[in-house]
Amino acid sequence: MNSTKESTDKLTQSLTGGCLCRKVQYRVTGLPFDADFCHCRHCQKSTGSVVGAWMDFKREQVAWLTEPPTEYASSEHVRRGFCPHCGSQLSFRDLRYEQYLTLSISTLNEPNAIKPNYHIYTDSQLEWFNIQDNCPRYDKNRG
């Protein structure tokens with residue numbers, strides 16, 4: 001396959017996802033420009049999991065098909081989006097970078113479509129959680 005065709009396929013690819021109760025659903029056009037595992041305490045507590053798995057998009061790539069998520073200010077600059085009905089966390093938004101929107105990989109209808117590329121905030125990784133991939137690891141943000 002030539003690179004022009006591959007580029008066109010990436011731009012026209014569409015992924016869908018949503019919350020557990022399906023009252024908040026989205027479609028993204030194109031692939032994320034990045035994806036990561038986050039081990040920070042905020043992600044652990046907000047997702048109720050040992051690690052968050054996130055994918056990053058330009059905001060214009062994301063369309064809410066139903067009601068948008070409700071947002072919670074988890075810090076001065078961060079808004080975490082969740083379904084007001086079932087509580088599923090769907091999004092992460094940093095107010096300092098309004099052009100981007102981060103979505104939870106696990107909320108995709110086909111979550112195997114996106115694989116994270118690296119781990120961040122591994123200084124907060126739970127001791128009993130053994131990472132067995134070859135992705136780069138960063139104690140804090142990749143920055």
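All residue numbers refer to positions in the sequence shown, counting from 1.
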| query | How long is the gap from CZ on Arg22 to CG on Leu20, to the nearest 0.5 Å? | reply | 10.0 Å
| said: Nearest 0.5 angstrom please: Gln89 CD to Cys19 SG, how far? | reply: 12.5 Å
| field | Heavy-atom check, side chain of Tyr26 versus side chain of Leu103, under 4.5 Å | value | yes
| said: Just verifying a value: how many Å separate Phe82 CZ and Ser88 OG, rounded to the nearest 0.5 Å? | reply: 11.0 Å
| ring-ring contact (aromatic ring centres under 6.0 Å, His included) partner of Tyr100, the single match among Phe33, Phe92, Phe57 | Phe33
| field | Test item: Ile120 and Arg137 side chains (from C-beta on) under 4.5 Å apart, heavy atoms | value | no
| said: Nearest 0.5 angstrom please: Cys83 SG to Lys23 NZ, how far? | reply: 7.5 Å
| Any side-chain heavy atom of Leu90 within less than 4.5 Å of one from Val24? | yes
| request: Would you tell me whether Thr66 and Gln25 have side-chain atoms, one donor and one acceptor, within less than 3.5 Å of each other? | output: no
| said: Whether Glu71 and Arg93 form a salt bridge (side-chain N of Lys/Arg under 4.0 Å from carboxylate O of Asp/Glu) is what I want to check. | reply: yes
| task | Please check if Tyr118 and Val51 belong to a single hydrophobic cluster, counting links between Ile, Leu, Val, Met, Phe, Trp and Tyr side chain heavy atoms closer than 4.5 Å. | result | no
| Does a side chain donor of either Arg27 or Thr16 reach within less than 3.5 Å of an acceptor in the other side chain? | no
| query | Quick one: does Ile114's side chain get under 4.5 Å of Leu15's, heavy atoms only? | reply | yes
| Atom pair CZ/OG of Arg79 and Ser91 - distance to nearest 0.5 Å | 11.5 Å
| query | Do His119 and Phe37 have ring centroids that are under 6.0 Å from one another? | reply | yes
| query | Applying the 4.5 Å side-chain criterion to the ILVMFWY set and letting contacts propagate, would Tyr97 and Leu101 be lumped into a single cluster? | reply | no
| query | Does the side chain of Arg41 pick up a donor-acceptor pair with the side chain of Ser124 at under 3.5 Å? | reply | no
| query | More than 12 heavy atoms of other residues, nucleotides or ligands under 6.0 Å from CD of Glu76: is that the case? | reply | no
| said: Salt bridge or not between Arg59 and Glu98? Use side-chain N to carboxylate O under 4.0 Å. | reply: yes
| message | Once rounded to the nearest 0.5 Å, what's the spacing between atom CG of Asp36 and atom CG of Asn117? | response | 8.5 Å
| request: Report the relative orientation of the aromatic rings in His39 and Phe129; use parallel for angles under 30°, tilted for 30 to 60°, perpendicular for over 60°. | output: tilted
| field | Arg142 with Asp34: basic N within carboxylate O range, under 4.0 Å | value | yes
| task | Would you mind reporting whether Lys58 and Gln99 have side-chain heavy atoms less than 4.5 Å apart? | result | no
